[in-house]
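Letters A, B, ... mirror the listed sequences (proteins, then strands); counts begin at 1.
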Amino acid sequence: MGLAPTYLGSVMSQIIVNGLMLSATYALIALGITLIFAIMNVMNFAHGQMYVLGGFMVYYTYGVWHWPFALSLLVAALVVAAVGLILERFFFRSVLRRSRREESTMLLAVGTALLLDSLALALFGEKQRGVPDVVSGVYHLAGAYIPARRLLIFAIAAVLTTAFIVFINYTRPGRALRAIAQDRETAALQGVDVTRYSALGFGLGAALSGLAGGLLISTDAINSGAGNLISIKAFIMIMIGGAGVVSGAIAGALVLAFSEAIGYYFIPGSLPYLLILTGLIVFLLFRPQGIMGRRWG
Amino acid sequence: MSLLQVSSLSKRFGGLQAVDNMSFEVRAGEILSVIGPNGAGKSTLFKMIAGALKPNSGEIYFDSRRITGQPQHIVAQKGVVRTFQETTIFREMSALEHVVIAHHLQATSGAWGAFVNSGRSRREEEAIRQSAAEILNYLGLGHVQNEAAKNLPHGYLRALGIAMALAAKPKLLLLDEPFAGMNPEETDRAIEMVRGICMRGVTVLLVEHDMRAVMRISHRIVAVSFGRKIAEGSPQEIQNNPSVIEAYLGREDDELGI
Amino acid sequence: MNRLLGPLIGLALYLGIVPLLIHGSSYWLTVFINISLLAFTSLGVWLTFYIGRINIAQGAFALIGGYAVAVLTTLHGWPFWLALPMAGLVAGLVGGVVGSTILRLRGVYFAMLTLCLTEATRLLALNWTGVTQGASGIIGIPTPFGGDSSYLQAYFFSALLLLAGLLAIWRITQCRMGRVFRALQAHEDLAASIGINVAQYRVLAFSIACAFGGLGGAVLTVFLQSIYPTSFNVTNSTDFMLYCFLGGLQFVLGPAVGALVLFLGFQLLSALGSYQALVYAILMVLAMLLLPNGLLSLRFSVRQKSMREGQV
Amino acid sequence: MKATAVLGVGLFFIGVALAQQPVLKIGVNGVMSGPAASWGLVNKYSAETTAAMINAEGGWKIGDKKYKVEIVALDDKNDPKISAANAEKLVSMGVKYIIGPNVDTTAGAVMPVMEKAKAINFPYAFSKELYTPPHGNSILGMIASYQAGPVIYKYLKEKKGVKNIAFLARNEADPLNQMKEGEDAAKMLGLNIVTSGATYEPGTTDFAPVLQGILAKNPDLLVLSGVAPGDAPLLIKSAREMGYKGLLSTETAQDAKILQQVAGSLADGFISVGGASTPSIQTPYMLDFVKAYTKRVGEWNDEAGTKVYALEMILRTLQLAGPAAINDVELFKKTLTKFNIPNPFVKGNPPLKFVGSAYFSQPRQLGVPMVVNEFKDGKFQTLFVGSVE
């Protein structure tokens with residue numbers, strides 16, 4: 001309606017840029033939670049809390065102590081992976097073994113989320129935290145604004161995602177993880193050390209979430225109570241894409257990111273999320289397994 | 001007289017033609033077996049008759065009424081009840097409870113009556129319990145009726161599955177591999193059991209691997225391979241049918257017991 | 001008759017001794033009113049567990065019930081006693097309609113979907129300003145409990161509601177319906193094979209569950225005299241689920257015990273100041289780790305153990 | 001021997017004196033865990049700090065007795081049910097004055113409790129119904145954004161020539177109400193509202209999609225209604241990076257540290273409202289408070305600049321109303337109109353009183369001065385100090 005074509009063009013390219021930038025970090029979150037789901041059949045409600053933990057690691061190492069950004073990302077990944085391993089060892093493993101009902105692990109995850117939330121508040125305080133930009137500057141591309149810091153995050157997230165896919169598909173531990181995801185018992189019969197690799201999978205999933213948190217705090221702010229919202233987004237993504245599938249996590253991240261980018265542009269307000277959620281519910285009725293809903297791999 | 005009529009039934013899974021244009025009929029009062037190598041489409045056929053799978057094309061008539069693509073519980077209400085291939089059970093419940101639940105179609109008092117425990121519903125409950133105990137006794141499960149199903153040995157579970165199916169008062173009983181994994185003595189007993197059921201006026205359609213048992217028990221046999229019917233007839237005729245031997249029996253003579 | 005003795009004693013205690021013990025303190029009455037109503041609402045979640053579904057949507061139905069009663073009494077002048085059953089009915093109907101489609105999903109998929117449903121309901125309440133007045137909420141909702149004894153009235157009403165709910169759910173589990181529900185929980189295909197209309201029964205169970213949510217939410221709303229889109233949210237939905245789980249999914253009393261322990265626990269821990277939330281969370285996780293089948297399983301296993309020892 | 005006996009007797013009397021010192025309990029009921037924890041915690045920390053400072057001086061004098069001030073703080077997890085139960089608990093302990101809760105949802109649930117128990121609370125929620133007759137037991141704890149908004153817009157219209165204005169709010173009750181009030185105020189001033197009803201979801205981390213549509217309409221002023229301290233720097237940064245050249249403002253208090261950490265110099269020129277946040281206007285008493293707060297909590301929070309007022313004003317009003325008011329809030333209410341003292345925290349500015357008659361037709365608001373700040377070089381600088389009637 002009376003809008004110049006160039007304007008529309010720049011709107012489109014900005015929407016595409018926004019969607020892409022968002023989807024890269026979303027993918028990291030979704031990959032982590034889908035990995036844990038595939039290996040342990042646990043819907044990890046505490047995923048967002050691990051993201052928060054990763055964010056705070058980067059806040060302290062990079063923001064307060066001024067370590068190099070790459071090093072602080074590494075620290076975030078390792079610390080969160082360690083927390084993931086502890087949770088797997090002392091929380092989930094024993095409950096998986098002893099419980100009469102499969103729901104128990106999910107509820108334990110809810111409890112764990114609460115525990116980590118309270119711990120984070122006690123350790124990190126109530127204040128919002130952020131860190132200075134790692135890189136500064138803004139690029140223009142076909143009428144779209146691309147901040148350099150977002151481009152950096154996008155690049156790192158894309159590299160990490162690719163590395164993860166390569167790892168899962170072409171390495172020995174990756175193949176073992178895939179075998180466990182497909183069928184625990186068969187994998188065990190084939191000589192895969194299920195206990196050890198489950199722990200590895202949980203730790204790796206946690207590390208991905210921690211990395212996502214560490215990356216995002218470098219452009220955004222974080223507080224100790226932000227975890228649950230991230231978890232809900234993670235759930236939405238893997239439901240869209242199909243739980244337990246690598247390609248599904250990426251598809252879910254893309255769909256959610258672009259739905260947000262488009263929705264917020266055309267109908268600012270809370271309607272986009274209402275539409276996304278309603279759309280998701282309707283979509284799942286026709287395709288309960290999500291877009292890529294196959295078995296793991 | 002034909003009780004069940006299957007005509008031109010087909011089912012595809014992706015690129016795989018699991019059942020291909022299959023037609024046959026089950027006559028009232030007979031025991032008909034469907035045989036075929038693994039992956040021949042026997043289970044798919046079974047599930048379609050029971051209403052657990054919708055066919056891509058073709059028709060199924062039961063008692064001259066069309067039941068194609070109707071949901072399982074409707075098919076069961078009309079008198080077609082299946083047992084499961086796997087040992088599918090309600091793990092935590094006792095054997096008696098299984099059979100009581102399976103009387104679901106026999107219960108006529110309303111949900112509200114049951115909720116407020118009305119006199120009528122109490123009398124009905126009592127009757128159902130008795131009937132369930134009788135069925136269990138008949139199938140030799142009387143002494144384990146209060147045992148949780150998860151603690152029962154496999155042979156008992158298969159009998160329990162049949163007990164449940166009987167409780168639903170079927171006209172046509174679909175038995176999925178009732179003799180799998182049994183030793184000769186157990187098979188003998190099971191054959192007697194199935195014959196006994198048939199004597200009581202229940203038509204039986206079964207899918208089975210154990211050729212020895214099939215040849216002894218069946219009135220007629222339908223042989224399938226790669227989703228197609230390749231032969232139909234009496235056990236004698238099937239044993240001598242060249243395409244059956246070619247597709248199935250030729251390779252594994254011993255299974256036939258020739 | 002022996003079997004009824006335990007519940008009867010419990011009933012007498014809850015209706016008689018609790019108000020006596022707390023000397024009509026409006027604080028403790030408020031705590032027990034909340035516990036009764038939260039337990040009542042959780043009974044619905046328990047019933048969905050009973051048909052083998054993890055339900056994280058109860059906050060949504062509590063919100064629906066809350067808005068139903070708020071809109072009917074405040075804007076349309078209905079009396080509370082008419083609006084309350086209507087709230088249950090509306091929630092039950094919505095539950096039936098939604099359930100008839102989403103109940104096809106199982107396991108974590110159903111759980112996640114119901115979580116999304118809670119969020120979607122909040123956003124709907126926020127955007128449907130014509131009915132809900134959006135973000136500004138509805139306040140000044142009239143309460144049927146008045147005078148000096150208003151807290152006591154509210155206490156008895158919510159306690160009786162809980163007892164009626166417990167009785168109803170207990171009867172459901174004892175009668176044919178309960179048997180069918182247990183069959184659905186254990187194996188839907190097997191249930192269908194013996195002629196059970198699986199879809200119909202699970203929608204029935206879910207509708208009843210949602211009606212419980214609607215009723216509980218409605219009474220809570222009237223007790224607080226206000227409702228906003230965030231009055232019942234994802235946190236509440238997960239809380240309801242946790243009450244059931246912590247009490248024990250095998251026991252009709254599970255949600256009541258869970259609500260009692262968790263709500264009372266949080267109140268009692270307030271003496272710890274800044275560590276309240278942390279200690280609360282630690283205790284909850286410990287309970288889950290040590291008693292993965294619920295607090296009531298403790299009593300159960302003790303009894304089993306003593307029986308075993310008696311035999312030796 | 002004798003000396004120790006004397007000392008012992010002396011200690012005994014001191015002990016008796018201490019034991020006999022009457023205690024004045026003040027409640028804090030708010031959200032102290034979860035994503036919004038900072039709101040309630042800053043209330044709690046501020047009240048505890050003030051109480052500790054007063055008790056160190058021997059207590060607070062009301063009538064002829066000195067009272068030890070004791071703060072009873074309860075976490076409501078932002079849940080209306082728990083908030084109401086907390087309020088009941090506080091009044092059952094004899095607490096008549098409660099600071100909090102923090103949002104409309106909880107404040108709405110606590111209001112009936114206050115009225116039944118004849119107690120007064122000081123919510124930080126902006127719903128007008130809470131403070132307007134027939135209700136009268138809630139006193140708004142700070143400047144409402146719909147009060148600050150018109151003042152700021154007027155200033156910007158006159159000084160910076162703002163004509164086109166856009167609003168953006170977080171999709172929650174309080175910010176949405178503030179946006180609505182802000183839009184009404186802008187209309188009254190004859191400003192042109194270029195976007196209406198734009199919101200973003202809580203938990204949004206990338207604001208580019210949200211901002212894109214708004215900035216396309218070329219506003220001179222973008223108002224971030226009720227923006228949380230964590231979201232503000234991100235919104236500012238995104239807007240600036242997307243090439244936005246206009247002004248940015250909000251009507252809520254912000255935190256300088258997070259603005260500096262996240263947005264740095266991009267946040268220069270951002271206009272917000274603070275309590276007593278800039279050193280240029282702080283009195284020595286306020287400086288002491290900042291020091292004590294920092295020691296107690298470990299880090300200063302600019303939010304405390306507005307939240308320092310509640311306890312101070314409760315205590316001073318009680319002093320004026322006399323000891324009977326400790327248990328009789330009607331006396332307290334009657335004193336509200338008489339209360340008028342020099343602001344203890346801000347230098348040389350309008351006196352401190354209870355305001356709000358213009359909005360609620362009764363004085364049900366703490367007359368916290370409206371300190372309008374501009375962010376520059378990592379710090380807030382006061383543009384002007386306004387007041388509310």
Problem - Donor-acceptor contact present, side-chain C/R171 to main-chain B/F115, <3.5 Å - result: yes
Exercise for the section: Measure distances from C/A168 to the heavy atoms of chain B and classify the residue's part below 4.5 Å as side chain, backbone, both or neither. Expected result: both
Completion exercise
If you tally heavy-atom pairs under 4.5 Å between each of B/A50, B/A52, B/A107 and chain C, the highest tally belongs to B/A107
Exercise for the section: Can you measure from OG1 (B/T83) to CD1 (C/I194) and round to the nearest 0.5 angstrom? Expected result: 12.5 Å
Practice task
Using non-hydrogen atoms and a 4.5 Å limit, figure out which bit of B/A114 sits close to chain C: side chain, backbone, both or neither.
Solution key: both
Exercise for the section: Please test B/R82 against C/D189 for side-chain contact (heavy atoms from CB on, under 4.5 Å), starting from the C-alpha separation and ending with a verdict. Expected result: CA-CA 11 Å; B/R82 71 154 164 165; C/D189 249 10; 3.9 Å; yes
Exercise for the section: List the steps, then state whether side-chain contact (heavy atoms from CB on, under 4.5 Å) holds for B/M164 with C/L190. Expected result: CA-CA 10 Å; B/M164 288 178 72; C/L190 181 56; 4.1 Å; yes
Exercise for the section: Apply side-chain hydrogen bond (donor to acceptor under 3.5 Å, both in side chains) to C/Q174 and B/N117, showing your working. Expected result: CA-CA 9 Å; C/Q174 295 301 305; B/N117 207 11; over 6 Å; no
Problem - Closest approach of B/A76 to C/A192 (non-hydrogen atoms, all atoms of both residues) - result: CB-O, 4.2 Å
Practice task
Sorted by first residue and then second, give each ring pair (Phe, Tyr, Trp, His ring centres under 6.0 Å) pair with at least one member in residues 127-150 of chain B; sequence neighbours left out.
Solution key: B/H143-B/Y156
Please tabulate, one pair per line, all N/O donor-acceptor pairs under 3.5 Å involving side-chain atoms of residues 39-57 of chain C, not counting sequence neighbours.
{"unit_1": "C/T41", "atom_1": "OG1", "unit_2": "C/L37", "atom_2": "O", "d": "2.7"}
{"unit_1": "C/S42", "atom_1": "OG", "unit_2": "C/L38", "atom_2": "O", "d": "2.6"}
{"unit_1": "C/W46", "atom_1": "NE1", "unit_2": "C/L249", "atom_2": "O", "d": "3.2"}
{"unit_1": "C/W46", "atom_1": "NE1", "unit_2": "C/F251", "atom_2": "O", "d": "3.0"}
{"unit_1": "C/T48", "atom_1": "OG1", "unit_2": "C/G44", "atom_2": "O", "d": "3.1"}
{"unit_1": "C/T48", "atom_1": "OG1", "unit_2": "C/V45", "atom_2": "O", "d": "2.8"}
{"unit_1": "C/T48", "atom_1": "OG1", "unit_2": "C/N55", "atom_2": "ND2", "d": "3.2"}
{"unit_1": "C/Y50", "atom_1": "OH", "unit_2": "C/R182", "atom_2": "NH1", "d": "2.6"}
{"unit_1": "C/R53", "atom_1": "NE", "unit_2": "C/L105", "atom_2": "O", "d": "2.9"}
{"unit_1": "C/R53", "atom_1": "NH1", "unit_2": "C/E188", "atom_2": "OE2", "d": "2.9"}
{"unit_1": "C/R53", "atom_1": "NH2", "unit_2": "C/L103", "atom_2": "O", "d": "2.7"}
{"unit_1": "C/R53", "atom_1": "NH2", "unit_2": "C/E188", "atom_2": "OE2", "d": "2.9"}
{"unit_1": "C/N55", "atom_1": "OD1", "unit_2": "C/A57", "atom_2": "N", "d": "2.7"}

Problem - Non-hydrogen atoms of B/F90 and C/A186 that approach each other most closely - result: CD2-CB, 3.4 Å
Practice task
Indicate whether any N or O donor in one side chain lies under 3.5 Å from an N or O acceptor in the other, for B/Q77 and C/N197.
Solution key: no
